[in-house]
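To find a chain, count down the sequence lines: A is the first, B the second, and so on, and within it residues start at 1.
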Amino acid sequence: MMKARKVSDNFFNKKAKEVAPALLGSFLIREVGGKKIKAKIVETEAYCGEKDLACHASKGRTGRTEIMYQKAGTIYVYLCYGMHYMLNIVVSKKDDPEAVLIRGIEIDGEKIHGPGRVTKALNINKKLNGKKLGPKDGLWLEKGETLKHQKTARIGVHYTGPIWSKRLLRFVEE
DNA sequence: TATTTGATTCTT
DNA sequence: AGAATCAAATAT
């Protein structure tokens, strides 16, 4: 029997490509307005620093990517296509811009696919950008079971060219 | 200051 | 296959 517990801080100190698959099966807890939502993570993607052309930080340190240079456990939220928020968890070390995108979750057995829908279901908005995971801002993580997963190519990053768009950095529950 | 574009999703 | 819709990064 494994009791739900907060993950240790050094859980996020690893590289994105290690943290992303490890997050599968863990629970994302969202508490807002007295309501608590427990979401199992079933799909993630890794974004690996400035060398990764699909990572926003590949363009260098800018106002937007500054968040990814913060220390592990920082929340990176950003608006894409003018209508969808993306939820990312900054990992690795300070000044090493890596992050894990939460692409799919499961709430009460109901699967939610797509990063835009995840943030909608969890009431994630830009106010969380730059905050830390924890009860203070009503968003944190609890360790769950370890899931088997499969690796696939990332989605929506065709513009990065054949190399980075084909890297197997997307992790899905098997 | 103007233009381009995207870690998407829903409709036609 | 295309529209919706806007903030941030580039280009001018």
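Within the 4.5 Å cutoff, the side chain of A:Lys17 has heavy atoms near those of the A:Leu169 side chain. In this structure the side chain of A:Leu133 reaches within 4.5 angstrom of the side chain of A:Phe12, judged on heavy atoms. Under the 4.5 Å side-chain criterion, counting only non-hydrogen atoms from C-beta, A:Ile89 is not in contact with A:Thr74. A 4.5 Å side-chain heavy-atom check between A:Glu50 and A:Pro97 finds at least one atom pair inside the cut-off.
Taking the salt bridge (Lys or Arg N to Asp or Glu O under 4.0 Å) definition, one finds that A:Glu173 meets it with A:Lys40, sequence neighbours left out. Residues forming a side chain to side chain donor-acceptor pair (under 3.5 Å) with A:Asp95 (at least two apart in sequence, or on another chain): A:Arg61. With sequence neighbours left out, the salt bridge (Lys or Arg N to Asp or Glu O under 4.0 Å) criterion links A:Lys15 to A:Asp96, A:Glu98.
Listed by first residue number, the stems of DNA chain B with at least three Watson-Crick or G-U pairs below 3.5 Å are B:1-6 with C:6-11, B:8-11 with C:1-4.
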Show me the donor-acceptor pairs, under 3.5 Å and distance only, between side chains in residues 109-121 of chain A and residues at least two apart or in other chains.
residue	atom	partner	partner atom	Å
A:His113	ND1	A:Glu43	OE1	3.2
A:Thr119	OG1	A:Tyr85	O	2.8
A:Thr119	OG1	A:Pro115	O	3.4
A:Thr119	OG1	A:Gly116	O	2.9

Quiz: residues 23-34 of chain A side-chain donor-acceptor pairs under 3.5 angstrom, not counting sequence neighbours:
residue	atom	partner	partner atom	Å
A:Arg30	NE	A:Leu122	O	2.8
A:Arg30	NH1	A:Asp137	O	3.2
A:Arg30	NH1	A:Gly138	O	3.3
A:Arg30	NH2	A:Asn123	O	2.8

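Of all the residues in residues 80-87 of chain A, A:Tyr81, A:Gly82, A:Met83 reach under 4.0 Å from DNA chain C with at least one non-hydrogen atom. The stretch residues 102-109 of chain A touches DNA chain B through A:Arg103, each having a heavy atom under 4.0 angstrom from the strand. For the segment residues 160-174 of chain A, no residue has any heavy atom less than 4.0 angstrom from an atom of DNA chain B. Contacts with DNA chain C (heavy atom under 4.0 Å) in residues 46-65 of chain A: A:Lys59, A:Thr62, A:Gly63, A:Arg64, listed by number.
Following rounding to the nearest Å, A:Ile67 (CD1) and C:dA8 (P) show an atom-to-atom distance of 11 Å. Atom CG in A:Leu79 sits roughly 15 Å away from atom C1' in C:dA9 (whole-Å rounding). Residue A:Asn125 contributes atom CG, which lies 16 Å from atom P of C:dC6 at whole-angstrom precision. B:dG6 atom P lies 14 Å from atom OH of A:Tyr76, rounded to whole Å.
Cluster annotation: A:Val19 and A:Ile102 are assigned to the same hydrophobic cluster (Ile/Leu/Val/Met/Phe/Trp/Tyr, side-chain heavy-atom contacts under 4.5 Å, transitive). Following chains of ILVMFWY side-chain contacts shorter than 4.5 Å, one cannot reach A:Phe171 starting from A:Ile155, and the two form parts of different hydrophobic clusters.
Applying the salt bridge (Lys or Arg N to Asp or Glu O under 4.0 Å) definition to pairs two or more places apart or across chains, those involving residues 149-162 of chain A are A:Asp52-A:Arg154. Pairs engaging residues 37-63 of chain A under the ring-ring contact (aromatic ring centres under 6.0 Å, His included) rule: A:His56-A:Tyr78 [sequence neighbours left out].
By the 6.0 Å contact criterion, NZ on A:Lys132 is enclosed, its count of non-hydrogen atoms from other residues, nucleotides or ligands being greater than 12. Few gaps surround CZ on A:Arg64; more than 12 heavy atoms of other groups in view lie less than 6.0 Å from it.
At a threshold of 4.0 angstrom between heavy atoms, the contacts of A:Lys126 are confined to the sugar-phosphate backbone, with no base atom among them.
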